[in-house]
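Starting from 1, each residue takes its place in the sequence as its number.
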Amino acid sequence: MRRPLIAGNWKMNTKLEEAENLVRAMLAELDSIDGAEKVLCPPFISLAILKELTKTTSVKLGAQNMHFEDRGAYTGEISPLMLTDLCDFVILGHSERRQYFAETDEIINKKVKKALGSGLKPILCIGESLEDNESGKAEQIIARQVKAGLAEVSPTSQLVIAYEPVWAIGTGRAATGKQANTTINLIRSIMANLWNRETAKAVRILYGGSVTSSNIAEFIAEPEIDGALVGGASLKASEFVSIVSQTASLKSPR
Ligand code: PGA
(Lines give C-alpha, C1' and ligand atoms only; values in the text may rest on other atoms or scores of the structure.)
Protein backbone atom coordinates (compact mmCIF):
# COMPACT_ATOMS: atom_id res chain seq x y z
CA MET A 1 0.00 0.00 0.00
CA ARG A 2 2.82 2.46 0.82
CA ARG A 3 5.32 2.91 -1.98
CA PRO A 4 8.89 2.91 -0.62
CA LEU A 5 10.70 6.22 -1.01
CA ILE A 6 14.37 7.13 -0.90
CA ALA A 7 15.24 10.82 -0.92
CA GLY A 8 18.77 12.18 -1.23
CA ASN A 9 19.37 15.41 0.66
CA TRP A 10 22.46 16.97 -0.87
CA LYS A 11 22.42 19.83 1.65
CA MET A 12 24.83 22.70 0.83
CA ASN A 13 27.00 20.59 -1.47
CA THR A 14 27.65 20.56 -5.24
CA LYS A 15 28.33 23.45 -7.57
CA LEU A 16 26.29 23.42 -10.79
CA GLU A 17 28.71 21.28 -12.69
CA GLU A 18 29.16 18.85 -9.80
CA ALA A 19 25.42 18.48 -9.47
CA GLU A 20 25.12 17.74 -13.15
CA ASN A 21 27.94 15.19 -13.00
CA LEU A 22 26.46 13.49 -9.95
CA VAL A 23 23.08 13.10 -11.62
CA ARG A 24 24.61 11.84 -14.83
CA ALA A 25 26.58 9.25 -12.85
CA MET A 26 23.45 7.66 -11.40
CA LEU A 27 20.51 8.59 -13.60
CA ALA A 28 20.31 5.56 -15.88
CA GLU A 29 20.61 3.10 -12.99
CA LEU A 30 18.14 4.97 -10.80
CA ASP A 31 15.67 5.24 -13.64
CA SER A 32 15.79 1.48 -14.23
CA ILE A 33 14.84 0.65 -10.62
CA ASP A 34 11.14 0.06 -10.09
CA GLY A 35 9.61 -0.59 -6.72
CA ALA A 36 10.81 2.58 -4.99
CA GLU A 37 10.21 6.25 -5.53
CA LYS A 38 13.50 8.12 -6.04
CA VAL A 39 13.84 11.78 -5.10
CA LEU A 40 16.91 14.01 -5.41
CA CYS A 41 17.04 17.21 -3.36
CA PRO A 42 19.91 19.35 -4.69
CA PRO A 43 20.60 23.00 -3.80
CA PHE A 44 18.00 25.40 -5.28
CA ILE A 45 20.40 26.65 -7.97
CA SER A 46 20.63 23.17 -9.51
CA LEU A 47 16.92 22.37 -9.61
CA ALA A 48 16.38 23.77 -13.11
CA ILE A 49 19.22 21.86 -14.70
CA LEU A 50 18.27 18.68 -12.87
CA LYS A 51 14.70 19.09 -14.05
CA GLU A 52 15.95 19.17 -17.61
CA LEU A 53 18.17 16.12 -17.09
CA THR A 54 15.52 14.03 -15.32
CA LYS A 55 12.42 15.04 -17.28
CA THR A 56 12.05 11.83 -19.27
CA THR A 57 12.93 9.58 -16.32
CA SER A 58 11.23 8.22 -13.19
CA VAL A 59 13.55 10.24 -10.94
CA LYS A 60 11.80 13.03 -9.03
CA LEU A 61 13.11 16.21 -7.48
CA GLY A 62 12.68 17.99 -4.19
CA ALA A 63 13.81 21.28 -2.66
CA GLN A 64 15.47 21.48 0.75
CA ASN A 65 13.39 24.35 2.12
CA MET A 66 10.94 27.08 1.06
CA HIS A 67 9.27 30.22 2.38
CA PHE A 68 5.58 30.15 3.33
CA GLU A 69 4.58 33.14 1.15
CA ASP A 70 4.24 33.10 -2.62
CA ARG A 71 6.00 36.41 -3.18
CA GLY A 72 7.13 39.57 -1.48
CA ALA A 73 9.96 41.41 0.21
CA TYR A 74 11.79 38.41 1.64
CA THR A 75 15.35 38.86 0.45
CA GLY A 76 17.11 35.59 -0.19
CA GLU A 77 14.03 33.36 0.08
CA ILE A 78 12.48 30.95 -2.44
CA SER A 79 8.71 30.64 -2.70
CA PRO A 80 6.40 27.69 -3.29
CA LEU A 81 5.23 29.33 -6.54
CA MET A 82 8.79 29.16 -7.84
CA LEU A 83 9.20 25.54 -6.78
CA THR A 84 6.05 24.06 -8.27
CA ASP A 85 7.58 24.55 -11.72
CA LEU A 86 10.69 22.68 -10.72
CA CYS A 87 9.98 19.87 -8.26
CA ASP A 88 7.38 17.65 -6.59
CA PHE A 89 8.72 17.46 -3.04
CA VAL A 90 10.09 19.86 -0.44
CA ILE A 91 12.00 18.99 2.73
CA LEU A 92 10.63 21.04 5.63
CA GLY A 93 11.78 21.46 9.21
CA HIS A 94 15.09 19.68 8.79
CA SER A 95 16.94 19.71 12.12
CA GLU A 96 19.65 21.90 10.58
CA ARG A 97 16.95 24.49 9.73
CA ARG A 98 15.58 24.24 13.26
CA GLN A 99 19.03 24.45 14.84
CA TYR A 100 20.92 26.99 12.71
CA PHE A 101 18.10 29.06 11.22
CA ALA A 102 15.80 29.23 14.23
CA GLU A 103 12.84 27.56 12.54
CA THR A 104 10.14 26.93 15.07
CA ASP A 105 7.31 24.42 14.98
CA GLU A 106 4.98 27.33 14.11
CA ILE A 107 7.05 28.41 11.09
CA ILE A 108 7.37 24.82 9.94
CA ASN A 109 3.61 24.34 10.29
CA LYS A 110 3.01 27.38 8.05
CA LYS A 111 5.35 25.90 5.48
CA VAL A 112 3.67 22.48 5.60
CA LYS A 113 0.23 24.02 5.03
CA LYS A 114 1.53 26.20 2.23
CA ALA A 115 3.38 23.36 0.50
CA LEU A 116 0.30 21.13 0.51
CA GLY A 117 -1.89 23.99 -0.68
CA SER A 118 0.55 24.60 -3.53
CA GLY A 119 0.62 20.97 -4.66
CA LEU A 120 4.08 20.20 -3.26
CA LYS A 121 4.63 17.09 -1.14
CA PRO A 122 6.28 18.06 2.15
CA ILE A 123 8.89 15.78 3.69
CA LEU A 124 8.41 16.94 7.26
CA CYS A 125 11.47 16.20 9.39
CA ILE A 126 11.20 15.52 13.07
CA GLY A 127 13.57 14.07 15.64
CA GLU A 128 14.94 14.47 19.12
CA SER A 129 18.37 15.84 20.08
CA LEU A 130 20.97 13.83 21.97
CA GLU A 131 20.10 15.76 25.10
CA ASP A 132 16.37 15.02 24.72
CA ASN A 133 17.20 11.40 24.12
CA GLU A 134 19.47 11.07 27.13
CA SER A 135 17.04 12.81 29.44
CA GLY A 136 14.24 10.48 28.39
CA LYS A 137 12.29 13.25 26.62
CA ALA A 138 12.43 11.86 23.09
CA GLU A 139 8.78 10.75 22.93
CA GLN A 140 7.53 14.04 24.31
CA ILE A 141 9.58 16.08 21.82
CA ILE A 142 8.50 13.95 18.90
CA ALA A 143 4.83 14.17 19.87
CA ARG A 144 5.14 17.96 20.10
CA GLN A 145 6.84 18.23 16.72
CA VAL A 146 4.23 16.04 15.00
CA LYS A 147 1.22 17.78 16.55
CA ALA A 148 2.58 21.31 16.05
CA GLY A 149 3.88 20.57 12.56
CA LEU A 150 0.49 19.22 11.50
CA ALA A 151 -1.75 21.70 13.33
CA GLU A 152 -4.74 22.61 11.11
CA VAL A 153 -3.50 20.33 8.35
CA SER A 154 -6.26 18.18 6.82
CA PRO A 155 -5.53 14.45 6.67
CA THR A 156 -3.58 13.64 3.52
CA SER A 157 -1.34 10.88 2.26
CA GLN A 158 0.57 13.47 0.22
CA LEU A 159 2.58 14.19 3.33
CA VAL A 160 5.82 12.31 4.01
CA ILE A 161 7.46 12.30 7.43
CA ALA A 162 11.16 11.73 8.04
CA TYR A 163 12.15 10.62 11.52
CA GLU A 164 15.71 11.83 11.95
CA PRO A 165 17.17 11.64 15.44
CA VAL A 166 19.56 14.60 15.57
CA TRP A 167 22.26 12.49 17.24
CA ALA A 168 22.30 10.20 14.20
CA ILE A 169 22.65 12.86 11.50
CA GLY A 170 26.10 13.02 9.95
CA THR A 171 27.63 11.21 12.91
CA GLY A 172 28.02 7.70 11.52
CA ARG A 173 25.99 6.63 14.55
CA ALA A 174 22.70 5.49 13.04
CA ALA A 175 19.78 4.34 15.17
CA THR A 176 19.12 0.62 15.04
CA GLY A 177 16.33 -0.62 12.82
CA LYS A 178 14.37 -1.66 15.91
CA GLN A 179 14.76 1.75 17.61
CA ALA A 180 13.67 3.57 14.47
CA ASN A 181 10.74 1.22 13.95
CA THR A 182 9.51 1.77 17.51
CA THR A 183 9.62 5.55 17.15
CA ILE A 184 8.02 5.49 13.73
CA ASN A 185 5.26 3.31 15.13
CA LEU A 186 4.74 5.96 17.81
CA ILE A 187 4.60 8.71 15.16
CA ARG A 188 1.97 6.74 13.25
CA SER A 189 -0.16 6.36 16.36
CA ILE A 190 0.10 10.09 17.13
CA MET A 191 -1.06 10.75 13.57
CA ALA A 192 -3.90 8.27 13.91
CA ASN A 193 -5.14 10.19 16.96
CA LEU A 194 -4.67 13.54 15.28
CA TRP A 195 -6.16 12.50 11.92
CA ASN A 196 -7.51 9.00 11.51
CA ARG A 197 -6.13 5.47 11.36
CA GLU A 198 -6.59 5.06 7.64
CA THR A 199 -4.61 8.17 6.66
CA ALA A 200 -1.96 7.49 9.30
CA LYS A 201 -1.47 4.07 7.71
CA ALA A 202 -1.15 5.58 4.24
CA VAL A 203 1.46 8.23 5.10
CA ARG A 204 5.02 7.27 4.31
CA ILE A 205 7.44 7.60 7.20
CA LEU A 206 11.16 7.50 6.47
CA TYR A 207 14.17 7.03 8.70
CA GLY A 208 17.13 9.41 8.34
CA GLY A 209 20.52 9.67 10.04
CA SER A 210 23.75 8.05 8.83
CA VAL A 211 22.00 5.74 6.36
CA THR A 212 24.47 3.98 4.03
CA SER A 213 24.43 1.04 1.62
CA SER A 214 25.70 -1.08 4.53
CA ASN A 215 22.83 -0.42 6.94
CA ILE A 216 19.82 0.38 4.71
CA ALA A 217 18.67 -3.26 4.75
CA GLU A 218 18.30 -3.15 8.54
CA PHE A 219 15.83 -0.25 8.27
CA ILE A 220 13.96 -1.50 5.26
CA ALA A 221 13.37 -4.86 6.98
CA GLU A 222 11.21 -3.09 9.58
CA PRO A 223 7.49 -2.99 8.88
CA GLU A 224 6.84 0.66 9.78
CA ILE A 225 9.82 2.14 7.90
CA ASP A 226 8.95 3.11 4.33
CA GLY A 227 12.34 4.33 3.14
CA ALA A 228 15.07 6.78 4.01
CA LEU A 229 16.19 10.38 3.84
CA VAL A 230 19.86 10.09 2.99
CA GLY A 231 22.42 12.87 3.46
CA GLY A 232 26.13 12.11 3.06
CA ALA A 233 25.67 8.82 1.22
CA SER A 234 23.47 10.50 -1.41
CA LEU A 235 26.52 12.40 -2.68
CA LYS A 236 28.13 9.19 -3.92
CA ALA A 237 26.43 7.80 -7.00
CA SER A 238 27.19 4.12 -6.33
CA GLU A 239 26.14 4.39 -2.68
CA PHE A 240 22.85 6.06 -3.50
CA VAL A 241 22.05 3.61 -6.30
CA SER A 242 22.78 0.71 -3.96
CA ILE A 243 20.50 2.17 -1.24
CA VAL A 244 17.67 2.58 -3.73
CA SER A 245 18.09 -0.82 -5.30
CA GLN A 246 18.25 -2.65 -1.97
CA THR A 247 15.12 -0.82 -0.90
CA ALA A 248 13.26 -1.73 -4.06
CA SER A 249 14.19 -5.39 -3.85
CA LEU A 250 13.68 -5.86 -0.10
CA LYS A 251 10.47 -3.94 0.31
CA SER A 252 7.48 -5.44 -1.37
CA PRO A 253 4.50 -3.07 -1.53
CA ARG A 254 2.04 -3.48 1.33
P1 PGA B 1 23.16 11.91 6.95
O2 PGA B 1 22.07 13.08 6.90
O3 PGA B 1 22.63 10.78 6.10
O4 PGA B 1 24.41 12.52 6.39
O5 PGA B 1 23.30 11.50 8.38
C6 PGA B 1 20.70 12.80 6.88
C7 PGA B 1 19.90 14.06 6.83
O8 PGA B 1 20.30 15.07 7.45
O9 PGA B 1 18.85 14.13 6.16
- Item | NZ-OG1 distance between K51 and T54, expressed to the nearest 0.5 angstrom | 8.5 Å

- For E20, check side chain to side chain donor-acceptor pair (under 3.5 Å) against everything at least two apart and list the hits. R24

- Message: Give me each pair satisfying side-chain hydrogen bond (donor to acceptor under 3.5 Å, both in side chains) with a member in residues 92-103, each pair once, sequence neighbours excluded.
- Response: K11-E96, H94-E164, R97-E103, R98-D105, E103-K111

- Task: Return yes if some donor-acceptor pair links the side-chain N/O of T212 with the main-chain N/O of S214 below 3.5 Å, else return no.
- Result: yes

- SG-CG distance between C41 and L50, expressed to the nearest 0.5 angstrom: 10.5 Å

- Task: Using the test side chain to side chain contact (heavy atoms under 4.5 Å, CB included), find all partners of T183 that sit at least two apart in sequence or belong to another chain.
- Result: I142, Y163, I187

- Pick out which of R2, K251, R204 makes a side chain to side chain donor-acceptor pair (under 3.5 Å) with D226. R2

- With F44, which residues qualify under ring-ring contact (aromatic ring centres under 6.0 Å, His included), at least two apart? none

- With D88 via salt bridge (charged side-chain N to carboxylate O under 4.0 Å, His left out) - residues at least two apart: none

- Quick one: list whatever passes side chain to side chain donor-acceptor pair (under 3.5 Å) with K114, sequence neighbours left out. D70

- Item | Full working for salt bridge (Lys or Arg N to Asp or Glu O under 4.0 Å) between E128 and K137 | CA-CA 8 Å; E128 81 283 4; K137 285 205 209 119; over 6 Å; no

- Query: Are V166 and V146 connected in a single hydrophobic cluster, I mean Ile/Leu/Val/Met/Phe/Trp/Tyr linked by side-chain heavy atoms less than 4.5 Å apart?
  - Reply: no

- Query: Can you name the nearest heavy-atom pair linking A151 to N109, along with the distance?
  - Reply: O-ND2, 2.8 Å

- Query: Would a distance-only check, ignoring hydrogens and angles, find a side-chain to backbone donor-acceptor pair under 3.5 Å from S58 to D31?
  - Reply: yes

- Message: Looking at R144 and D132, is any side-chain nitrogen of the basic one under 4.0 Å from a carboxylate oxygen of the acidic one?
- Response: no

